[in-house]
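Single-structure report; data block below.
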Amino acid sequence: MIDIRELRADPDRARTSQQARGEDPGLVDVVLSADERHRAALAQFEQARAEQKAFGKSVARAQGEEKQALLAQVKDLAGRVKQLDAEAGSAVEERDAALRRIGNVIVDGVPVGGEDDYVVLEEVGVPRDFEAEGFAPRDHLELGELLGAIDTVRGAKVSGARFYYLLGAGARLELALMALAQQITQEEGFVPVVVPTLVRPETMAGAGFLDAHADEVYRLEADDLYLTGTSEVALAGLHADEIVDLAAGPLRYAATSTCYRREAGSYGKDTRGIFRVHQFTKTEMFVYCRPEDAQAEHANLLRIERRVLEALELPYRVIDVAAGDLGGPAARKFDCEAWIPTQGRYRELTSTSNCTTYQARRLGTRERAEGGGTRTVATLNGTALTSTRPIIALLENHQQEDGSVRLPEALRPFLGGEDVLFPVGPPPARTV
RNA sequence: GGAGGCGUCGCCUAGUCCGGUCUAUGGCGCCCGCCUGCUAAGCGGGUUUGGGGUUUAGAGCCCCAUCGAGGGUUCAAAUCCCUCCGCCUCCGCCA
């Protein structure tokens, strides 16, 4: 949620940001008017309450008839206090409800518009020319089946559509990718973390995942818990309601966890293979820093993501995501998209968001301010690596005519030094 | 799953039975000052968090809320009642 003080001081900035997102700038005025009402009601309540407290002291001192007289006097004051409290309460609720619907104020320079209005910042590497090489590339599912690495049929049998098994080289690839991601993030000074993947509603809401995309999230009704779609949720919750010490620099964490997504509303999209699935593994980076350091930390996260993709020797591009496609908490987002040969286009592999103080404010994560008091910190997140999409990109980009797949050098130490994955026979027949 | 105990402003702690000068006690730690060759000790003061008002702004001052969280009872709640959360102990069950 954005800062009510900043909104009061400069409502136009929030209106402009809303406009760039293609969202309602009128919400700003809904907030401001509820805020006015809240403050007026609060002043009245506080005054009445002070009176009531003063009365309370006289009552305590008085005896006998005098006491009875005072009690009679103060009785309707108590009623008024209650009513004024309720008025102030409903106004502040109204204010915050509207405030929560306002997206983060975008960083200067974010492209205006929706999904297709991104700006390409850079293209790195050159997609292979399979025509020149004299063969048609196989897609990731075909390669995965040849290698005995991916089984979507049995995934569907056991769990339904968009579930899969990774076997043999597939399973080894996932583990190697996560190991590489952990190695690089640890080199970069991130503290490795194992996180809970079931969280309470407050944590889910605090991280900002119950607003626009509530139907993307799995909920366990019986226990009132949510399965997280990214370890960002648990990492954001880690320091909820805490005053953190950033004197020694930002807090940087990297967690590898299973991620669960309902993929509601994506029926028919990316149905082949393991591009869009309900469950995958991800190593996520998360940073707590001072607001003035957030843009530099964002640049750092992007640099690390690029380092990872370069280690995988994938051709990719970086885009500056447009305002309308940011989601509520992000003030700016960069996506790294790898080239997928059989789709003939770049697809998102990793992504990094600068949430400035938006997420931390709702979670109550603050630091000591210089002149005394506290102030809200900034949070940022970024994907180091996921399992499924990088596997797709690796298989397709590094495939050879015979169906074997060359492994990038950086991954080999995590695969027993092997440099090529070779096709195997069909997966063993099921035995009863 | 069953039974019981506990949760106080960084840490420890008084207060809760029996509601009212609780404006939450004391100690430790920390901060500022005094004293002092230096340090320590000693002395004095300060030290939860959020919000509102006053102010050009800040400082300061005034007020409200905050005793795990949320409701309730009452003129009045740290204190009584209910729900939830967390921690601990015992029993059962499973590793």
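Note on naming: letters A, B, ... go to the chains in the order of the sequence lines (proteins, then strands), and numbering restarts at 1 for each one.
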Just name whichever nucleotide pairs with [N], Watson-Crick or G-U, keeping both distances under 3.5 Å, else none.
N: U36(B); answer: none
N: A78(B); answer: none
N: C22(B); answer: none
N: A59(B); answer: none
N: G29(B); answer: U47(B)
N: G7(B); answer: C85(B)

Checklist entry - Under 3.5 Å, is there a donor-acceptor pair linking the side chains of Asn104(A) and Thr356(A)? => result yes

Next on the checklist: With no hydrogens and no angle check, just 3.5 Å: does a side-chain donor-acceptor pair link Gln18(A) and Arg15(A)?
Outcome noted: no

Between [M] and [N] - [atom1] atom distance, rounded Å:
N: A40(B); M: C34(B); atom1: C1'; answer: 16 Å
N: C30(B); M: U16(B); atom1: P; answer: 32 Å
N: U8(B); M: G1(B); atom1: C1'; answer: 32 Å
N: C80(B); M: C17(B); atom1: P; answer: 5 Å
N: G46(B); M: G27(B); atom1: P; answer: 13 Å
N: A77(B); M: G19(B); atom1: C1'; answer: 6 Å
N: C85(B); M: G71(B); atom1: C1'; answer: 15 Å
N: A78(B); M: C18(B); atom1: C1'; answer: 15 Å

Checklist entry - Heavy-atom count around Tyr118(A) OH within 6.0 Å, excluding the residue itself: above 12? => result no

Would you mind reading off the distance between [X] atom [atom1] and [N] atom [atom2], rounded to a whole angstrom?
X: Asp76(A); N: U74(B); atom1: CG; atom2: C1'; result: 15 Å
X: Glu367(A); N: U49(B); atom1: CD; atom2: P; result: 14 Å
X: Arg375(A); N: G58(B); atom1: CZ; atom2: P; result: 16 Å
X: Gln44(A); N: G51(B); atom1: CD; atom2: P; result: 22 Å
X: Gln52(A); N: A77(B); atom1: CD; atom2: P; result: 7 Å
X: Glu36(A); N: G52(B); atom1: CD; atom2: P; result: 12 Å
X: Leu84(A); N: G52(B); atom1: CG; atom2: C1'; result: 14 Å
X: Arg361(A); N: G50(B); atom1: CZ; atom2: P; result: 12 Å

Item to check | Closest heavy-atom pair and its distance - Tyr358(A), Gly103(A) | outcome: CE1-C, 3.7 Å

Item to check | Shortest non-hydrogen separation from Ser387(A) to Leu177(A) and the atoms involved | outcome: O-CD1, 3.8 Å

Checklist entry - Among Tyr260(A), Tyr164(A), Phe163(A), whose ring-ring contact (aromatic ring centres under 6.0 Å, His included) with His278(A) holds? => result Phe163(A)

Item to check | First of Arg95(A) and Ile243(A) reached from the 5' end of RNA chain B, by closest nucleotide | outcome: Ile243(A)

Next on the checklist: For Arg368(A) and Ala78(A), find the nucleotide of RNA chain B closest to each by heavy atoms; which residue's nucleotide sits nearer the 5' end?
Outcome noted: Arg368(A)

Checklist entry - Is there a side chain to side chain donor-acceptor pair (under 3.5 Å) between Gln47(A) and Glu51(A) once you walk through the steps? => result CA-CA 6 Å; Gln47(A) 201 198 327; Glu51(A) 224 174 294; 4.6 Å; no

[N] phosphate, OP1 or OP2, under 4.0 Å from [X] side-chain N/O:
X: Lys57(A); N: U21(B); value: no
X: Arg5(A); N: G52(B); value: yes
X: Arg8(A); N: G52(B); value: yes
X: Arg39(A); N: G53(B); value: yes

Item to check | Check: Gly327(A) main-chain N/O paired with Arg21(A) side-chain donor or acceptor under 3.5 Å | outcome: yes

Next on the checklist: When you measure from the side chain of His140(A) to the backbone of Ala393(A), do you find a donor-acceptor pair of N or O atoms at a distance under 3.5 Å?
Outcome noted: no

Checklist entry - Touch check for Arg366(A), heavy atoms < 4.0 angstrom, all strands: base, sugar-phosphate only, or nothing? => result sugar-phosphate

Checklist entry - Does Asp85(A) pair with Arg49(A) as a salt bridge, N-O distance under 4.0 Å? => result no

Item to check | Cationic N near anionic O, under 4.0 Å, Arg290(A) to Glu367(A) | outcome: yes

Return the polar atom pairs (N/O with N/O) between nucleotides 60-66 of chain B and the protein under 3.5 Å, or none.
{"residue": "A65(B)", "atom": "OP1", "partner": "Arg49(A)", "partner atom": "NE", "Å": "2.3"}
{"residue": "A65(B)", "atom": "OP1", "partner": "Arg49(A)", "partner atom": "NH2", "Å": "2.9"}
{"residue": "A65(B)", "atom": "OP2", "partner": "Lys53(A)", "partner atom": "NZ", "Å": "2.8"}

What N/O pairs connect the protein and nucleotides 71-73 of chain B at under 3.5 Å? Give each pair on its own line.
{"residue": "U73(B)", "atom": "OP2", "partner": "Lys82(A)", "partner atom": "NZ", "Å": "3.2"}

Next on the checklist: Between His239(A) and Phe286(A), is the ring-ring contact (aromatic ring centres under 6.0 Å, His included) condition met? List the steps.
Outcome noted: CA-CA 12 Å; His239(A) 292 303; Phe286(A) 195 90; 9.1 Å; no

